[in-house]
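Reading through the structure tokens given below for one structure.
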Amino acid sequence: DRIQAVDEKVKAFITLDEEKARNYAKTLDEALSSNDKRGLLFGIPAGIKDNIVTRGLTTTCSSKLLANFEPMHNATVIEHLQGAQSVTIGKLNMDEFAMGSSTENSGFFNTRNPWNTDYVPGGSSGGSAASVAAGEVVFSLGSDTGGSIRQPASYCGVVGLKPTYGRVSRFGLVAFASSLDQIGPITRSVEDNALVLQVLAGYDKMDSTSANVETSDYLSALTGEVKGLKIAVPKEYLAEGVNEDVKNRILESLKVLEGMGATWEEVSLPHSKYAVATYYLLASSEASANLARFDGVRYGVRSDNAANLIEMYKETRSKGFGDEVKRRIMLGTYALSSGYYDAYYKKAQKVRTLIKKDFEDVFENYDVIIGPTAPTTAFKIGEKINDPLTMYANDILTIPVNLAGVPAISVPCGLGENGMPIGLQIIGKHFDENTVYRVAHAYE
Ligand code: GLN
């Protein structure tokens, strides 16, 4: 009923599993009256970003090319949710193949920010953040390659975590940039977030980059205590380009944490200024390879008026992909071609190592790094869509985290001048989601 009441305006859902949603109350009643052991997410309705494959439920990646794609299997995270008895009721809008920061690159329609429908919900997991903010689902899954969970969470005033690279299986997440992609939960509270990660996390032999490390009890990390905690605040994260109202809210939040017994100091992540360029080279290179599989033969829609095979490939990809996806495929193919490989791809890999080292250096002396999630609050629909470079620059505070592979959360920390939410970003050491959650929970 809630979805029917608000989704006409918000437009978070691409596909609604109508029957499941309708039968929800009935099955919940039945389950409640049985004596079977209940899963951790028993009866909790969830929405899933449409780049995570769901058996028998269309998975489009918001691309016209995959408008009719019905996967034959579930992503590992979907199997985990089912095991915990959560109810997946639909698939959520996003930027096509997760490329974008506003959900305006969806091949189908725009999603609107529930706080003010003239504004974007952020992206690429815009539908995931908006659906939680609008109360359409209790939690959602997003994916974060360069900020796509944290930035929309920030813009919609909800909580979004990008786990450590390797913490959550990517099996069944349609690959954008495999060395950066990670699935994570979007929720209304830190506690809910920890609960969902509890279900998602763990080694998976189906994902060769899944880390074979212990998962911990994330809920037990929520002690409310931050006494003695050492916080680093990178000067690059409060520098020029970050709006005054955003800066002020972050400084106020640091005061709150100080009041609870934490201390903070300014530090430097000196290679931050190269992060956007590095990311857009590496992510586009990986995307150009990953998206080669969408050739009209194996998945989705095939152009049927071609005279031969090559023409069929061309027609399918020309009609199926939107402008941003084509831009990235061209940029990535260029960066990987012989003659340019050393100058661009290889160099970007080297800078990535330096960015990762910046984080390692700071974490030798501090427990967490804190700054804003994004330099501004949500912007208006249409405001940046014709200027890709301005749109890319908006990712400056989220991208370094993916390049380093560390975990980070965005939690709401007040409103900006335009009345839209601001997100506080808390970044942790590799596989230390516990401290990230502890700080976020104490602050919240
Ligand atoms: N906005 C970034 C991009 O367009 C990040 C996307 C993401 O994290 N999936 O690539």
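Along the sequence shown, residues carry numbers from 1. In this text the structure is predicted, and so the values were computed from the model without any measurement. We count ligands from 1, going down the list as the structure has it; atoms in each ligand are counted the same way.
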To which of R328, K162, E324, Q182 does the heavy atom nearest atom 4 (O) of ligand 1 belong? R328
When you measure from atom 3 (C) of ligand 1 to each heavy atom in F176, F97, Y280, which option holds the nearest one? Y280
Anything under 30° is parallel, anything over 60° is perpendicular, the rest tilted; go ahead and classify [X] against [Y].
{"X": "H73", "Y": "F171", "value": "tilted"}
{"X": "Y334", "Y": "Y344", "value": "tilted"}
{"X": "Y392", "Y": "Y280", "value": "parallel"}

Do any N/O atoms on [X] end up under 3.5 angstrom from N/O atoms on ligand 1?
{"X": "G146", "value": "yes"}
{"X": "G123", "value": "no"}
{"X": "G100", "value": "yes"}
{"X": "S143", "value": "no"}
{"X": "K49", "value": "no"}

Does a donor on one side chain and an acceptor on the other come within less than 3.5 Å for [X] and [Y]?
{"X": "T60", "Y": "D50", "answer": "yes"}
{"X": "N290", "Y": "S178", "answer": "yes"}
{"X": "Q151", "Y": "T373", "answer": "no"}

M99 heavy atoms, cut-off 4.0 Å: which ligand 1 atoms fall inside? 4 (O)
Here the atoms of ligand 1 under 4.0 Å from any heavy atom belonging to A98 are 6 (C), 7 (C), 9 (N)
Of the side chain and backbone of [X], name the one, both, or neither that has a heavy atom under 4.0 Å from an atom of ligand 1.
{"X": "Y279", "answer": "side chain"}
{"X": "D395", "answer": "side chain"}
{"X": "S148", "answer": "both"}

In plain terms, say whether K357 and D361 are close enough for a salt bridge, that is, a side-chain N and a carboxylate O under 4.0 Å apart. yes
Please find the pair of heavy atoms, one from I427 and one from V401, that lie closest to each other, and give the distance. CD1-CG2, 3.6 Å
